[in-house]
2 protein chains.
Amino acid sequence: MRDPPATQCRRPGDTRGCPQIGTANQEADIDAVDEQLLALLQANGRASYAELARQVGLSAPAVHERVGKLESAGVITGYTAVVDPAAVGLGVTALIGVIDSDEVDDVGILEAMSALPHVEDCWRTAGTEGYVLKVRVTDIPALEDTINALNRIRGVARTRTTVVLSTKWEGRHGRAE
Amino acid sequence: MRDPPATQCRRPGDTRGCPQIGTANQEADIDAVDEQLLALLQANGRASYAELARQVGLSAPAVHERVGKLESAGVITGYTAVVDPAAVGLGVTALIGVIDSDEVDDVGILEAMSALPHVEDCWRTAGTEGYVLKVRVTDIPALEDTINALNRIRGVARTRTTVVLSTKWEGRHGRAE
DNA sequence: ACTGAAACCTCCGGTTG
DNA sequence: CAACCGGAGGTTTCAGT
């Protein structure tokens with residue numbers, strides 16, 4: 001069968017194992033049909049090529065080829081199931097700003113943060129906080145553990161945690177509901 | 001005398017005996033195979049049922065049924081293609097804290113924020129900032145437009161914007177390699 | 001949860017505009 | 001070069017056991 005596009009990274013120079021990073025590609029030529037396909041696949045990542053073909057008015061092979069090109073161009077970096085965090089026992093979400101001290105290498109901090117399994121997102125930011133993380137944990141004690149672990153990282157001066165009371169929406173693409 | 005296949009009972013000896021009040025799915029019973037399926041589908045949302053069946057050691061119809069139940073139980077809420085934002089012209093990411101003034105209804109603020117198409121995530125937060133948003137826009141002028149639009153919302157007292165310099169990772173699920 | 005079968009889809013080659 | 005066509009092989013999705 002065909003190789004699954006999401007499981008392996010093809011770009012050199014990325015951090016290990018992370019399927020999606022918006023690093024390199026600035027430009028790709030995407031016409032109206034491609035945009036339509038992207039919107040359809042963002043709304044339903046398991047839509048069959050035949051179904052997509054019906055919606056955009058092309059044949060299934062044509063759609064298959066276009067999607068394949070979007071994948072190999074790095075526009076589509078993978079496909080994922082969206083899982084309700086609460087349903088799998090991750091009831092607490094928090095945003096944590098990490099203030100890094102001046103003279104320590106970023107790579108070490110990044111590797112240490114990456115080793116924490118509950119850090120879902122990691123952004124390098126301008127401003128007082130060098131990094132902002134989104135973490136999801138089972139409960140408040142687990143959040144405390146994560147905060148403690150972050151503060152033990154060499155090069156982390158301080159953290160500032162904002163607990164998420166409720167998620168209004170997440171991962172919305174374009175359309176205003 | 002076959003056991004009914006449709007309904008799954010919750011664990012009988014559960015320590016917290018309180019059944020939840022009808023709103024959201026707190027917990028579903030998820031066995032080891034289900035967790036495996038969730039991990040596989042988060043890694044590759046387009047994996048075929050046959051492929052999943054091979055990986056978990058079941059038949060394809062069995063996997064199909066299990067995934068269907070995870071979907072209707074609300075554990076899997078959807079599938080989506082992961083698109084590189086830069087490749088579709090969204091080169092600027094920012095986190096915006098929204099400080100709401102005291103005496104205005106939340107619903108109005110939420111609706112107004114929801115109307116802004118570039119607000120991908122919206123979290124209600126504890127702390128000085130009532131909401132934190134993640135926005136993705138084409139460029140800095142577009143970010144300015146979004147900030148201005150947020151500040152025009154009735155009930156928004158102030159905003160605090162943190163520009164994302166680079167995304168280290170996003171949407172990671174569980175595994176820290 | 002497995003087997004078997006029919007409908008469907010994927011995906012290859014070749015062909016056209 | 002992008003898109004269609006045909007068909008072989010794999011997949012989904014029903015039954016029933």
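Quick note on labels: first sequence line is chain A, next is B, and so on, each numbered from 1.
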> With sequence neighbours excluded, what pairs up with B:Glu144 under the salt bridge (Lys or Arg N to Asp or Glu O under 4.0 Å) test?
Replying inline: none
> By side chain to side chain donor-acceptor pair (under 3.5 Å), which residues pair with A:Ser166, not counting sequence neighbours?
Replying inline: A:Lys168
>> Without decimals, in angstroms, what is the distance between B:Tyr49 OH and C:dT10 P?
In response: 13 Å
>> Expressed as a whole number of angstroms, how long is the span from A:His64:NE2 to D:dA2:C1'?
In response: 16 Å
> Please give, in whole Å, the distance from C:dT10 P to A:Arg46 CZ?
Replying inline: 11 Å
> What residues in residues 50-58 of chain A put a non-hydrogen atom under 4.0 Å from any atom of DNA chain D?
Replying inline: A:Leu58
> ring-ring contact (aromatic ring centres under 6.0 Å, His included) with B:His64: which residues, sequence neighbours excluded?
Replying inline: B:Tyr49
>> If we count only N and O atoms by modelled type, under 3.5 Å, do the side chains of A:Asn151 and A:Thr159 hold a donor and an acceptor together?
In response: yes
> Taking OP1 and OP2 of D:dC1, is either one under 4.0 Å from a side-chain nitrogen or oxygen of A:Lys69?
Replying inline: no
> From C:dC2, D:dT11, C:dT10, pick the nucleotide closest to the side chain of A:Ser48?
Replying inline: C:dT10
>> Test of understanding: with side-chain contact (heavy atoms from CB on, under 4.5 Å), list the residues that count as partners of B:Ala157, not counting sequence neighbours.
In response: B:Ile99, B:Ser101
> Over how many whole Å does the gap from A:Asp34 atom CG to D:dC1 atom C1' extend?
Replying inline: 14 Å
>> Show me the pairs that pass salt bridge (charged side-chain N to carboxylate O under 4.0 Å, His left out) and involve residues 114-133 of chain B, at least two apart or across chains.
In response: B:Asp100-B:Arg124, B:Asp106-B:Arg124, B:Glu120-B:Lys134, B:Glu120-B:Arg136, B:Asp121-B:Lys134, B:Glu129-B:Arg160
